[in-house]
Structure formats: C-alpha cells, structure tokens
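These notes are about the structure you will find just below.
Nothing fancy with the numbering, it's 1 onward along the sequence. Everything numeric in this text was worked out from a predicted model, so none of it was measured.
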Amino acid sequence: MLLAHPALLTDLIREYETLSALAADEGGPDAQRRLDDIGYSLCVATGTSDVDAALVAARHRLPGARVSDDSILAARRPRAPRVRRHR
C-alpha cells in the first residue's frame with residue numbers, strides 16, 4: 001500500500017480543521033463543498049472510508065505521533081485461557 005507523505009497529511013489535517021471551523025460558524029455551500037473534498041482526500045490518502053477514521057489514521061502516521069491507546073484502530077482480541085500443566 002502506498003503511504004501519503006507526512007507533509008501532505010499535515011496540510012490536509014490543517015485544512016480540514018480550518019474548514020470545519022468555518023463551516024460551523026459562517027460557512028456557505030462553497031466552504032462545505034471544499035470540506036467534503038478535503039475529507040475525501042484524507043480518506044484516499046489514508047485508505048479509509050470514513051473521515052473520522054481518516055483523521056485518526058493521518059495523525060497516527062505523522063512523525064512524533066505517540067499513540068498510547070490505539071484500541072479504536074484495532075479490535076481487541078480475547079486472551080486465550082492459560083493452561084496449567086501438572087507435573
């Protein structure tokens with residue numbers, strides 16, 4: 001799988017966050033259309049189909065990202081029961 005360059009991801013995240021703030025306050029149809037375009041670009045760049053997942057994945061790939069809890073990225077696997085061996 002091809003990975004997007006961190007600089008591209010940084011730019012997309014920054015623009016998405018800026019447009020989100022604009023759309024919430026005073027955004028018109030042009031701002032909403034651009035927000036949709038950037039969201040789509042984030043999904044393509046991260047290989048996801050949901051903009052929220054794309055934002056998490058993009059931030060996870062940035063240099064210096066420290067993810068202490070990535071449980072939202074992977075399902076937890078149940079632990080196998082311990083087998084006691086009798087001697």
Side-chain angles (χ1 to χ4, degrees):
M1 178 173 128
L2 293 175
L3 297 177
H5 193 277
L8 173 68
L9 294 174
T10 300
D11 290 345
L12 288 172
I13 292 169
R14 187 174 298 131
E15 189 168 357
Y16 187 85
E17 289 172 344
T18 301
L19 287 169
S20 290
L22 267 177
D25 293 340
E26 58 191 60
D30 291 337
Q32 186 60 47
R33 191 173 307 111
R34 184 68 182 145
L35 181 66
D36 293 342
D37 290 345
I38 295 298
Y40 176 79
S41 296
L42 272 165
C43 289
V44 170
T46 58
T48 60
S49 60
D50 175 66
V51 73
D52 292 325
L55 287 166
V56 170
R59 288 183 181 118
H60 185 72
R61 291 185 190 160
L62 295 179
R66 292 184 177 198
V67 180
S68 60
D69 179 15
D70 62 353
S71 60
I72 62 171
L73 299 177
R76 290 187 176 198
R77 295 182 202 162
R79 290 186 180 181
R82 293 178 122 191
V83 177
R84 291 185 139 183
R85 296 182 186 195
H86 299 295
R87 292 186 184 184

Straight-line distance of [X] [atom1] to [Y] [atom2], nearest 0.5 Å:
{"X": "Thr18", "Y": "Leu35", "atom1": "OG1", "atom2": "CG", "result": "10.5 Å"}
{"X": "Arg59", "Y": "Thr10", "atom1": "CZ", "atom2": "OG1", "result": "10.5 Å"}
{"X": "His5", "Y": "Asp11", "atom1": "NE2", "atom2": "CG", "result": "10.5 Å"}

Considering all heavy atoms of both residues, which atom of [X] and which atom of [Y] are nearest to each other, and what is their separation?
{"X": "Pro6", "Y": "Pro63", "value": "CB-CD, 3.7 Å"}
{"X": "Leu62", "Y": "Ile13", "value": "CD1-CD1, 4.0 Å"}
{"X": "Gly39", "Y": "Val51", "value": "CA-CG2, 3.7 Å"}
{"X": "Ser49", "Y": "Cys43", "value": "C-SG, 4.0 Å"}

Main-chain N/O of Thr46 paired to Arg61 side chain as donor or acceptor, under 3.5 Å: yes
Hydrophobic cluster membership, Leu8 vs Tyr16, 4.5 Å side-chain cutoff: yes
Check ion pair Asp30-Arg33 (N to O, under 4.0 angstrom): yes
Val56 side chain reached by Thr48 side chain, heavy atoms, under 4.5 Å: no
